[in-house]
Amino acid sequence: MADGVKYIYWTYGGTVPGSFIRTRVGDEVEFHLKNHPDNKLPHNIDLHAVTGQGGGAGSSFVAPGHEVVFSFKVINQGLYVYHCATAPVGMHIANGMYGLILVEPEGGLPKVDKEYYVMQGDFYTKGKNGETGLQPFDMQKGVDEHPEYVVFNGSVGAIAGDKALTANVGETVRLFVGNGGPNLVSSFHVIGEIFDKVYVEGGETINKNVQTTLVPAGGSAIVDFKVEVPSTLILVDHSIFRTFNKGSLGMLKVLGDENKKLYSGKQEEGIYRPEGGTIQSMPETDAVAAPKPTTLAERIDAGKNVYLKTCFACHQPNGEGLSNAFPPLVKSDYLNTDVNRAIDIVLKGKTGEITVNGKKFNSVMTAQTLTDDEVAQVLTYVYSTWGNNKTDVSATMVAKRRAIK
Ligand SMILES: [Cu+2]
């Protein structure tokens, strides 16, 4: 489910979601459902694309060691959810028994360069989010609709980092988005893109220029967009705590040439003066007449001021951070191990997973726009307070790190 968190899924064919089934209007489908002899429970399948009793649930009920066959004709275009409908239904779905079946119109959907299958689900573990070890299913949390995990494609990070989706600048991308639930409705959004087309609720109606589309539990949407500039697009459920605290975060890495007309990147940064006037460049060195702090005590004092202006909002005034969001700077083993790494983090920012004092963090610290002196001062302050190893960071050390591209 997540790093160090194990979960026993119930699946169609070993994956969450199950295989993507692709049909076209008018197809006659012969469906075989096999239940492995080693399994303990009976299962079945309700395909929302089926017109007939239970979407096939009754005809497909199959005990371990058996195989059933039933047939249906697909007559309605759309992207449909399938799921297990064996009692207790919520439990079979919550454990991962769902997937998507596409019924294309005659002649097929318009061609695109890349197609991807993304399905959201909410999961209910006995332990809280992040609690390691084998986590059993928690029926009461399911009933209460209090998931510990909300994820795309069955686990945290299933389509992020090394496993991110990919595309090249200029390509058209189609996402077949489903929501297995069992409980939550998804506000599906891609950070850094606009959906050129949404096949609303997976049906035939096309909406254009959409930012966020609702994907109901047991429902779907097809979204098409062209990727125009290189970036890492972030797929999220915009009920945003789910993204940053429960796992509903995916990535689509777009490679290719920049298009500065469409997106410039940061062009300028300067001092903002509310009383007016034009943007002024950031002072590279302290041109102000105030005496420059020189002794260690003065530099620590200056560093405290930088800290209380810049760092405290995230790492907290007492340096203790916030669990699951901002790592502590108090007695930080991570900080004390490598001063150059700490300088780099302040200069260039930091993303990706790190472990500080045995706790994992996987978040984003943006690069801080500070002078070499300020970086040196703030780090010297942090190192000399809160039980750290009293490293004295000089502006020269910072300048050296800044010079490395
Ligand atoms: Cu089942």
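Counting starts at 1 for both ligands and their atoms, in listed order. Only this structure's heavy atoms are used, side chains among them; waters, hydrogens and symmetry mates stay out.
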Q: Are Y307 and W386 an aromatic pair, judged by ring center distance below 6.0 Å?
A: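 Centroid distance W386-Y307: below 6.0 Å, so yes.
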Q: Establish, yes or no, whether a centroid distance under 6.0 Å links the rings of Y124 and Y149.
A: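 Here the rings of Y149 and Y124 have centres that are no less than 6.0 Å from each other.
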Q: So, Y117 versus F176, ring centres under 6.0 angstrom or not?
A: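 No: the rings miss the under 6.0 Å criterion.
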Q: Counting only protein atoms, how many N/O/S atoms are less than 2.8 Å away from the Cu ion (ligand 1)?
A: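 Near the Cu ion (ligand 1), the number of protein N, O or S atoms below 2.8 Å is 4.
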Q: Would you confirm whether the ring centroid of H92 sits within less than 6.0 angstrom of the ring centroid of H83?
A: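 No - the distance between ring centres of H83 and H92 does not fall below the 6.0 Å cut-off.
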Q: Hey, is D122 close enough to R242 for a salt bridge, meaning N to O under 4.0 Å?
A: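 No salt bridge links D122 with R242.
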Q: Are the aromatic rings of Y381 and Y383 close, with centres under 6.0 Å apart?
A: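 Between Y383 and Y381, which both carry aromatic rings, the centre distance is not below 6.0 Å.
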